[in-house]
Amino acid sequence: MILNVLGCSGSIAAGCKTTAFLLDGDVLIDAGTGVGDLTLEALARIDHIVISHSHLDHVLSIGLLADSVMRVRSAAGRGPIRVHALPETLAALRAHIFNGAIWPDFTRLPSAESPVLELVSFKVGDVLALNGKRIEVLSASHTVPAVGFAVECGASEGSAQPGWWVYTGDTGPNPLLWERLRQMRVAHLIIETAFSDEERQLARISRHLCPSALGQELAQLEGSVDVHITHIKPGEMEAVMAEIGRLGSPHRIRALEAGHTMSLAVEPARAYG
Ligand SMILES: [Zn+2]
Ligand SMILES: [Zn+2]
């Protein structure tokens with residue numbers, strides 16, 4: 001399984017794209033501005049989009065993607081792109097984006113019978129099976145209903161337990177997340193740190209993390225895990241990563257980079273003879 005980081009910034013600027021991850025070319029995890037770098041051919045391969053929450057930096061490419069691929073998919077007889085999210089998130093998309101004022105209703109285009117988008121609801125704890133990939137919906141604690149996702153990677157050598165690629169979504173402190181993650185073998189943790197400690201007040205009221213809050217969260221995760229920091233605001237990267245460096249965490253923490261490719265599946269060793 002291959003995961004491409006299309007965008008992992010908290011906002012836009014040259015070289016900064018907002019959150020989007022592409023899994024094996026056909027499942028998109030969040031639809032931020034990073035999606036715009038894909039070719040039309042690559043866009044047309046996307047069959048499923050899982051959305052963490054309704055904020056613009058995570059959803060704004062859904063409507064543009066639908067517009068770009070509608071002709072290609074309908075000419076090839078492909079079904080709708082399924083957009084999976086909480087019911088509250090889907091209601092927000094219907095009311096505030098696909099409302100005919102901000103953007104056309106692509107859940108009824110090119111025709112109501114065979115639209116390019118289909119909205120599908122999930123709840124926390126569901127395990128989605130999408131094109132052979134298993135994705136568990138995790139809890140998050142943000143200013144709007146929100147979730148994170150865990151992608152099952154397959155068991156590695158010497159371990160019967162599958163590893164998980166985990167993305168927290170946008171979240172403030174959230175004990176429920178750590179309760180669940182303690183039961184999983186976390187291979188990679190993608191966790192947000194939207195603000196520096198100087199803006200800890202802003203982080204608190206907007207239900208995001210700053211480095212000191214990140215330290216308290218990561219202390220609830222046992223062992224030494226590969227941790228990738230995402231959603232840092234443009235221009236704040238150095239300050240935030242320096243503050244994180246001073247946490248003295250036992251985890252291996254680095255900043256996530258757009259364009260980065262992660263190989264997730266570890267094939268079990270095959271015995272011959
Ligand atoms: Zn958000
Ligand atoms: Zn965000």
Side-chain angles (χ1 to χ4, degrees), residues 3-7 17-38 40-74 76-140 142 144-151 167-170:
L3 185 128
N4 296 306
V5 181
L6 305 178
K17 312 282 168 70
T18 72
T19 309
F21 305 100
L22 186 62
L23 192 55
D24 278 351
D26 54 13
V27 174
L28 188 64
I29 301 173
D30 274 349
T33 64
V35 175
D37 285 349
L38 294 173
L40 180 60
E41 207 175 34
L43 291 172
R45 285 188 59 209
I46 295 168
D47 290 325
H48 297 274
I49 307 177
V50 298
I51 294 290
S52 64
H53 66 299
S54 59
H55 281 160
L56 190 64
D57 55 320
H58 300 255
V59 305
L60 92 176
S61 286
I62 304 171
L64 295 168
L65 164 68
D67 192 13
S68 295
V69 304
M70 187 168 71
R71 288 147 211 91
V72 184
R73 285 186 72 99
S74 123
R78 308 270 299 276
I81 300 168
R82 294 198 162 84
V83 179
H84 308 259
L86 290 171
E88 296 91 334
T89 306
L90 297 177
L93 291 175
R94 273 195 204 94
H96 304 298
I97 292 185
F98 299 110
N99 57 12
I102 296 294
W103 207 236
D105 183 1
F106 279 97
T107 66
R108 303 179 63 80
L109 291 170
S111 69
E113 298 74 42
S114 50
V116 66
L117 291 184
E118 184 186 335
L119 307 184
V120 185
S121 69
F122 59 49
K123 59 184 187 307
V124 170
D126 281 358
V127 179
L128 316 175
L130 307 177
N131 291 12
K133 293 165 272 285
R134 281 164 51 83
I135 302 179
E136 180 170 326
V137 181
L138 301 172
S139 84
H142 198 35
V144 294
V147 300
F149 299 106
V151 178
Y167 160 55
T168 62
D170 287 9

Between atom CG of Asp24 and atom CG of Asp47, what is the distance when rounded to the nearest 0.5 Å?
11.5 Å
Taking the side chain as C-beta and beyond, is there a heavy-atom pair between Ser68 and Leu40 under 4.5 Å?
yes
Report yes if the side chains of Met70 and Phe106 come closer than 4.5 Å at any heavy-atom pair, otherwise no.
yes
Measure up the His48 and His84 rings against each other and bin them: parallel (under 30°), tilted (30 to 60°), perpendicular (over 60°).
tilted
Would you say the side chain of Ile62 lies within less than 4.5 Å of the side chain of Val83, judging by non-hydrogen atoms?
yes
Would you say the side chain of Thr107 lies within less than 4.5 Å of the side chain of Glu118, judging by non-hydrogen atoms?
no
pair Asp26-Ile46: side-chain heavy atoms closer than 4.5 Å:
no
Distance, nearest 0.5 Å, that separates CG of Leu109 from OG of Ser74:
11.5 Å
Spatial distance of atom CG (Leu86) from atom NE2 (His53) [nearest 0.5 Å]:
11.0 Å
Closer than 3.5 angstrom, by distance alone: can the side chain of Trp103 be matched with the main-chain N or O of Ile97 as a donor-acceptor pair?
no
Between Asp105 and Arg94, is the salt bridge (Lys or Arg N to Asp or Glu O under 4.0 Å) condition met? List the steps.
CA-CA 8 Å; Asp105 183 1; Arg94 273 195 204 94; over 6 Å; no
Of all the heavy-atom pairs spanning Ala66 and Val116, show the shortest one and how long it is.
CB-CG1, 3.8 Å
Expected output: side-chain Thr89 to main-chain Ala85 donor-acceptor under 3.5 Å:
no
Tell me, do Val27 and Ile135 make a side-chain contact under 4.5 Å, heavy atoms counted?
yes
Qualifying residue for side chain to side chain contact (heavy atoms under 4.5 Å, CB included) with Val50, from Leu130, Val120, Val147:
Leu130
Which atom of Val59 lies closest to which atom of Ser54, heavy atoms considered:
CG2-O, 3.6 Å
Interatomic distance, Phe98 atom CZ to Leu117 atom CG [nearest 0.5 angstrom]
5.0 Å
Can you check whether Glu88 reaches Leu90 side chain to side chain, under 4.5 Å on heavy atoms?
no
Chi angles and distances behind the side chain to side chain contact (heavy atoms under 4.5 Å, CB included) call for His58, Thr18
CA-CA 7 Å; His58 300 255; Thr18 72; over 6 Å; no
Flag, side chain of Arg73 to backbone of Ala44, donor-acceptor distance under 3.5 Å:
yes
Do other residues, nucleotides or ligands put more than 12 heavy atoms under 6.0 Å from the CZ atom of Arg108?
no
Which atom names give the shortest non-hydrogen contact between Ala112 and Pro115, and what distance separates them?
O-CD, 3.7 Å
Using 0.5 Å steps for rounding, measure from the CG atom of Asn99 to the CG atom of Leu93.
10.5 Å
Set out, in order, the CA-CA distance, both residues' side-chain angles and the distance that settles side chain to side chain contact (heavy atoms under 4.5 Å, CB included) for Ile49 and Leu65, then state yes or no.
CA-CA 11 Å; Ile49 307 177; Leu65 164 68; 3.5 Å; yes
Taking C-beta and beyond as the side chain, do Phe21 and Leu28 meet within less than 4.5 Å on heavy atoms?
no
Taking Thr33 for its side chain and Lys17 for its backbone only, find out whether a donor-acceptor pair lies under 3.5 Å.
no
Polar side-chain atom of Asp126 near backbone of Phe122 as donor-acceptor pair, under 3.5 Å:
no
Between Asp30 and Thr19, is any side-chain donor less than 3.5 angstrom from a side-chain acceptor?
no
Rounded distance (nearest 0.5 Å) linking atom NE2 of His55 with atom CG of Leu60:
13.5 Å
Kindly give the heavy-atom pair with the smallest separation between His96 and Ile102, and that separation in Å.
O-CG1, 3.4 Å
